[in-house]
Amino acid sequence: MIKKWSFYTSLTIIIAFLSSGFKPFDLDSNRWFLASDKDGAQYLYPSQKQNDYIDLNVPFTGKFFIGYKEAIGFKESQGEYKKINTIGCMGKYQFGMETLKSVGINNSSSFLNNPKLQEKAFVALLAKNKWELKEVIEKYDGTVLNGIKITESGILAAAHLGGVGSVKKYFRSSGKRYIKDAYGTSIRSYIKAFGGYDTSFIVADSDASVD
């Protein structure tokens with residue numbers, strides 16, 4: 001009888017011990033773990049201090065090329081591949097039809113419905129513009145003009161906004177000409193906003209295309 005009682009007592013203790021390991025996490029007792037977005041969704045974080053994350057292996061675009069293209073894409077269209085503006089510029093990077101033709105694209109519908117093609121077109125245009133502006137880049141990269149540090153990525157971004165001819169005019173005037181696009185965005189602002197990114201892997205090519 002004693003042995004039987006001891007067996008059941010031991011079994012009860014073991015079950016209680018194991019059950020405690022599966023006790024639901026009490027969110028209310030750990031409020032500092034919680035963060036809520038505007039939709040009311042909740043996320044768990046081990047810390048609210050930004051410095052606690054500096055050694056984590058997480059994606060960080062920084063001044064890498066991926067950060068460059070995503071920053072330009074957001075500026076141009078908020079990253080929307082199917083966006084068409086009021087003057088007919090299309091896609092994530094807001095290409096005009098003539099610019100698309102220069103990199104080998106003749107079908108605007110196919111372009112708008114193909115994100116991969118849009119990304120290829122952006123890189124191809126960078127390569128063409130880098131070729132066209134190689135003398136400007138060689139002369140001004142690393143210099144300071146009107147208080148702005150001039151870099152290759154800034155020059156190429158400005159060319160994407162206003163075209164190669166506008167960029168050349170800007171530098172011929174030593175940065176004194178206020179050149180802007182149809183919406184009032186200036187060449188100067190693009191040179192400043194998109195300066196310092198790594199575009200070194202873009203190979204200058206006068207015949208660059210998506211093919």
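The shown structure was predicted, so the numbers you read here are calculated from the model rather than taken from an experiment.
Dense packing is recorded around NZ of K83, with more than 12 heavy atoms of other residues, nucleotides or ligands lying under 6.0 Å away. Heavy-atom contacts from other residues, nucleotides or ligands closer than 6.0 Å to NZ of K192 number 12 or fewer.
Nearest heavy-atom pair across Y190 and A157 is CD2-O, 3.2 Å. Between N146 and G175, the shortest heavy-atom distance links the atoms ND2-O, 2.9 Å. Nearest heavy-atom pair across A124 and V210 is CB-N, 4.4 Å. Taking every heavy atom of both residues into account, L133 and K168 meet most closely at CD2-CG, 3.8 Å. For S77 against Q94, the heavy-atom pair with the smallest separation is CB-NE2, 4.1 Å. Minimum interatomic distance between A158 and I191 (heavy atoms only, all atoms of both residues): CB-CG1, 3.7 Å.
I84 is listed as a side-chain neighbour of M90, based on a closest heavy-atom distance under 4.5 Å. Counting only heavy atoms from C-beta outward, the side chains of I72 and Y93 approach each other to under 4.5 Å. With a 4.5 Å cut-off on side-chain heavy atoms, Y197 and L156 do not count as touching. Using a 4.5 Å heavy-atom threshold, the side chains of I202 and Y68 count as separate. The shortest side-chain heavy-atom distance between V123 and F65 falls under the 4.5 Å cut-off.
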Q: For I187 and K169, run side-chain contact (heavy atoms from CB on, under 4.5 Å): C-alpha distance rounded to whole Å, both residues' side-chain angles, the deciding distance at 0.1 Å, then the answer.
A: CA-CA 10 Å; I187 291 289; K169 289 178 182 178; over 6 Å; no
Q | Audit row: T185, K180, side-chain contact (heavy atoms from CB on, under 4.5 Å) steps and yes/no | A | CA-CA 5 Å; T185 305; K180 57 185 180 179; 5.9 Å; no
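Between F171 and Y140, the ring planes are tilted. Angles from 30° to 60° get that label.
With hydrogens and angles ignored, the 3.5 Å screen pairs a side-chain donor or acceptor of S153 with a backbone N or O of F194.
Applying the ring-ring contact (aromatic ring centres under 6.0 Å, His included) test to pairs two or more places apart or on separate chains, those with a residue in residues 141-160 are F95-H160, F122-H160. Listed by first then second residue, pairs satisfying salt bridge (charged side-chain N to carboxylate O under 4.0 Å, His left out) with a partner in residues 88-112 read E70-K92, K92-E119, E98-K101, not counting sequence neighbours. Applying the salt bridge (charged side-chain N to carboxylate O under 4.0 Å, His left out) test to residues at least two apart or on different chains, the pairs with a partner in residues 123-142 are K130-E152.
In this structure, OG1 in T199 is found 7.0 Å from CD1 in I137, a value given to the nearest 0.5 Å. Note that OH of Y81 is 10.0 Å distant from CG of N114, once rounded to the nearest 0.5 Å. Taken from CG in D198 to CD1 in I66, the straight-line distance is 12.5 Å, to the nearest 0.5 Å. Separating the CG atom in N129 from the CG atom in D205 is a distance of 11.5 Å, to the nearest 0.5 Å. To the nearest 0.5 Å, atoms CD1 (I150) and CG (L145) are separated by 5.0 Å. With rounding to the nearest 0.5 Å, the separation of CG in L117 from CD1 in I105 is 4.0 Å.
Residues I155 and F201 fall within the same hydrophobic cluster, defined by Ile, Leu, Val, Met, Phe, Trp and Tyr side chains chained together at heavy-atom separations under 4.5 Å. Under the 4.5 Å side-chain heavy-atom criterion for Ile, Leu, Val, Met, Phe, Trp and Tyr, V203 and L126 are members of distinct hydrophobic clusters. Residues V136 and W131 do not share a hydrophobic cluster, clusters being chains of Ile/Leu/Val/Met/Phe/Trp/Tyr side chains in contact below 4.5 Å.
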